[in-house]
Amino acid sequence: MDIDPFQMERMQSLYWHLVDYDLSESGVTPMTIRELLGPSADAETFVQTALGYPLSEGSYEARANIAAWYPGATAENVSLTTGGSEANHLTLWTLLDRRDRLAFMLPNYLQGWGLGRHYGDATDTFKLKLRDGRWQLDLDQLERAVTKKTKVVMICNPNNPTGHVLSGDEMDAVIVAADRVGAWIVADEIYRGAEVDSEEASPTFWGRYDKVVVTSGLSKAFGMPGLRIGWTLGPQELIQQTWIRHDYTTLAPAMISDRLTAFAMDPVVRENIFARTRAIIRANLPHFEAWVRAQGDVFTYVRPVAGAIGYVKYDLPIGSAALVDRVRQERSVLLVPGDMFGIGKGIRYGFGFDIEHTMKGLARAEDLLTGRSPA
């Protein structure tokens, strides 16, 4: 059975390690295990972990600590996966049949778009649009995209690549649209916890509607992508259905990753991790924004609400995929084009790593990105 190439992941996999400046990453500088454990934890207890098989769904401690982040959830509502991407995959594989349609928000991480076309009949889209200086959900498009054939409405909140967080009214609109046809809501909340200004995590869809599945993981807001831990949070019956598919994919998390997840998701440790992530974002973002402002009116930019990502629209006579490819080949700088999020002339910039290195990469590519380079 054919499946659409996942263009962004394929591009990053091919090139991130070959360029001088990888600005395609959307997380923050990864934590070390020592940094995660802190000065008080006994590292020897983790060193002595027997590397056997963990529970397929993850240990009770890891699942219970994850559940504590979601009001009213229990360990039975949680299943561990290999990254948030597997959580998305297993969820859509479980929910969609060949006659079903997926209503999918754009811009977005396009894994869901491709899986909707693969497991379902088709993927319909609705958009965030830039109006009055802010990103806003197009409610008319949402209504048209959600039909009686829609089985799942999928959103990314906080949003990748814009960093927008849906307002309470926008979240309610998504729920009303899904409820109108009895559809599930799948909320990819992988950037929740990486807020730019707030000390509170962005609102979750969990608990707002009875047919909600939340996917997330330790990669973005937590700064631990190397653990390859994600999770699916949903009604217990649905979670048990995802297990059937999980048995055909990765089966179980890694034992040491499970142990470290249980530690990281302790409520006190979790909030310390978020404080670190937010500190990185708040220290780095002013440098990135100063660079954006210095380029003049060739750029249109809205400050992200969450995430170490800035989405910048540009006014140049070249498509985003072609521009990013040229920047990679001629300046050895890797970025992600708007085309790979389902929108047009814009680029996602990651600013969550070493900011001096980031700024050097921007300076090297500036002439191409602003159109000041000779053709």
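All residue numbers refer to positions in the sequence shown, counting from 1. As the structure is a computational prediction, the values presented were derived from the model and not from experiment.
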Under 3.5 Å, is there a donor-acceptor pair between the side chain of E195 and the main chain of D197?
no
Tell me, yes or no, whether the heavy-atom count around K313 atom NZ, taken from other residues, nucleotides or ligands under 6.0 Å, exceeds 12.
no
Please check if the side chain of R101 supplies one atom and the backbone of D121 the other of a donor-acceptor pair under 3.5 Å.
no
Using a 4.5 Å cut-off on heavy atoms from C-beta on, say whether the side chain of V153 contacts that of F104.
no
Roughly how far, to the nearest 0.5 Å, is the OG1 atom of T123 from the CG atom of L102?
4.5 Å
Measure the CG-CD1 distance between D210 and I185 for me, rounded to the nearest 0.5 Å.
9.5 Å
Tell me every residue that passes side-chain contact (heavy atoms from CB on, under 4.5 Å) with W16, counting only those two or more places apart in sequence or in another chain.
D22, L334
All side-chain hydrogen bond (donor to acceptor under 3.5 Å, both in side chains) counterparts of D138, not counting sequence neighbours
K129, R131
With side chain to side chain contact (heavy atoms under 4.5 Å, CB included) as the test, would you mind laying out the steps for H118 and D4 before giving the verdict?
CA-CA 8 Å; H118 182 67; D4 295 293; over 6 Å; no
Donor-acceptor contact below 3.5 Å, side chain T249 vs main chain H246:
yes
Is the closest basic N to carboxylate O distance between D367 and R372 below 4.0 Å?
no
Taken to the nearest 0.5 Å, the spacing of L218 CG from M265 CE works out to 7.0 Å
Spacing of CZ belonging to R328 relative to CG belonging to L323, to within rounding of 0.5 Å:
12.5 Å
Inspect the surroundings of NZ in K211 and state if more than 12 heavy atoms from other residues, nucleotides or ligands are less than 6.0 Å away.
yes
Ignoring hydrogens and geometry beyond distance, is a side-chain donor-acceptor pair present between E189 and T215 at under 3.5 Å?
no
Could you check whether any side-chain N or O of N284 sits under 3.5 Å from a backbone N or O of I281, counting only pairs where one atom can act as donor and the other as acceptor?
no
Over 12 non-hydrogen atoms of neighbours within 6.0 angstrom of CD1 in I33
no
Decide yes or no on side chain to side chain contact (heavy atoms under 4.5 Å, CB included) for L335 and S24, but give the supporting numbers first.
CA-CA 4 Å; L335 297 159; S24 71; 5.8 Å; no
Between T162 and N159, does any side-chain donor sit less than 3.5 Å from a side-chain acceptor?
yes
Hey, any chance V213 and L92 share a hydrophobic cluster, counting ILVMFWY side chains that come within less than 4.5 Å of each other, even indirectly?
yes
May I ask you to say whether K360 pairs ionically with D20, meaning some side-chain N is under 4.0 Å from a carboxylate O?
no
Is it the case that one hydrophobic cluster holds both V19 and F353, taking links as side-chain heavy atoms less than 4.5 Å apart, direct or via other members?
no
Quick one: does D100's side chain get under 4.5 Å of V152's, heavy atoms only?
no
Assess whether a salt bridge exists between R282 and E199, defined as any Lys/Arg side-chain N lying under 4.0 Å from an Asp/Glu carboxylate O.
yes
Shortest non-hydrogen contact from T358 toward G350
CG2-O, 4.0 Å
Check the hydrophobic clustering (I, L, V, M, F, W, Y; side-chain heavy atoms under 4.5 Å; chains of links allowed) and say if V268 and L37 are grouped together.
no
Counting distance only, does the side-chain N/O of D258 pair as donor-acceptor with the main-chain N or O of S59 below 3.5 Å?
yes
Do T81 and L90 have side chains that approach each other closer than 4.5 Å (heavy atoms only, starting at C-beta)?
yes
Taking only Lys NZ, Arg NE, NH1 and NH2, and the carboxylate oxygens of Asp or Glu, determine whether D124 and R144 approach each other closer than 4.0 Å.
no
Could you check whether atom CD of Q7 has more than 12 heavy atoms from other residues, nucleotides or ligands sitting under 6.0 Å from it?
no
Passes side-chain hydrogen bond (donor to acceptor under 3.5 Å, both in side chains), H17 versus Q12? Steps please.
CA-CA 8 Å; H17 59 297; Q12 289 180 297; over 6 Å; no
If you take the centroid of each ring, where Trp contributes its six-membered ring, are W291 and F299 closer together than 6.0 Å?
yes
Is V176 reachable from L137 through a run of hydrophobic residues whose side-chain heavy atoms are each under 4.5 Å from the next?
no
Decide yes or no on side-chain hydrogen bond (donor to acceptor under 3.5 Å, both in side chains) for Y191 and S26, but give the supporting numbers first.
CA-CA 9 Å; Y191 293 90; S26 63; 2.7 Å; yes
Given the rule in the side-chain hydrogen bond (donor to acceptor under 3.5 Å, both in side chains) test, do R348 and N160 qualify, once you have shown the distances and angles that lead to the verdict?
CA-CA 9 Å; R348 189 191 74 182; N160 177 17; 2.9 Å; yes
Under 3.5 Å side-chain donor-acceptor pair for E289 and Y301
yes
Given side chains that start at C-beta, do those of L36 and V269 come closer than 4.5 Å, heavy atoms only?
yes
Measuring from atom CD1 of I273 to atom CD of E35, what distance do you get when rounded to the nearest 0.5 angstrom?
9.5 Å
Would a distance-only check, ignoring hydrogens and angles, find a side-chain to backbone donor-acceptor pair under 3.5 Å from R134 to L130?
no
Check residues 46-55 and write down every donor-acceptor pair under 3.5 Å in which the side-chain atom is one partner and the other belongs to a residue at least two apart or another chain.
| residue | atom | partner | partner atom | Å |
| --- | --- | --- | --- | --- |
| Q48 | NE2 | E44 | OE2 | 2.6 |
| T49 | OG1 | F46 | O | 2.9 |
| T49 | OG1 | R259 | NH1 | 2.8 |

Does R117 reach the main-chain N or O of W113 with its side chain, forming a donor-acceptor pair under 3.5 Å?
no
Does S257 reach the main-chain N or O of P253 with its side chain, forming a donor-acceptor pair under 3.5 Å?
no
Separation of R63 CZ from L233 CG (nearest 0.5 Å):
12.0 Å
Can you confirm if the aromatic rings of Y119 and H89 lie within a centre distance of less than 6.0 Å?
yes
Treat each ILVMFWY residue as a node, draw an edge where side-chain heavy atoms are under 4.5 Å apart, and state whether L115 and L238 are in one component.
yes
Carboxylate-amine/guanidinium contact R180 E143, below 4.0 Å
yes
I'd like to know whether the aromatic ring centres of F341 and Y109 sit less than 6.0 Å apart in this structure.
no
Output, in order, the C-alpha distance, side-chain angles, deciding distance and verdict of side-chain hydrogen bond (donor to acceptor under 3.5 Å, both in side chains) for N77 and T74.
CA-CA 5 Å; N77 296 119; T74 68; 3.2 Å; yes
Please give me the minimum heavy-atom distance between T277 and A194, naming the atom from each residue.
CG2-CB, 3.9 Å
Main-chain N/O of A201 paired to R192 side chain as donor or acceptor, under 3.5 Å:
no
Could you tell me whether the side chains of H164 and E170 share a donor-acceptor contact shorter than 3.5 Å?
yes
Is the centre of the H357 ring less than 6.0 Å from the centre of the Y21 ring?
yes
Any salt bridge between K345 and D315, counting N to O under 4.0 Å?
no
Any heavy-atom pair between the side chains of M11 and V336 that's under 4.5 Å?
yes
Would you say the ring centroid of Y248 lies under 6.0 angstrom from that of W243?
no
Over 60° means perpendicular and under 30° means parallel, so classify the ring planes of W69 and F222, tilted if in between.
perpendicular
Donor-acceptor under 3.5 Å (Q141 side chain, K127 main chain)
yes
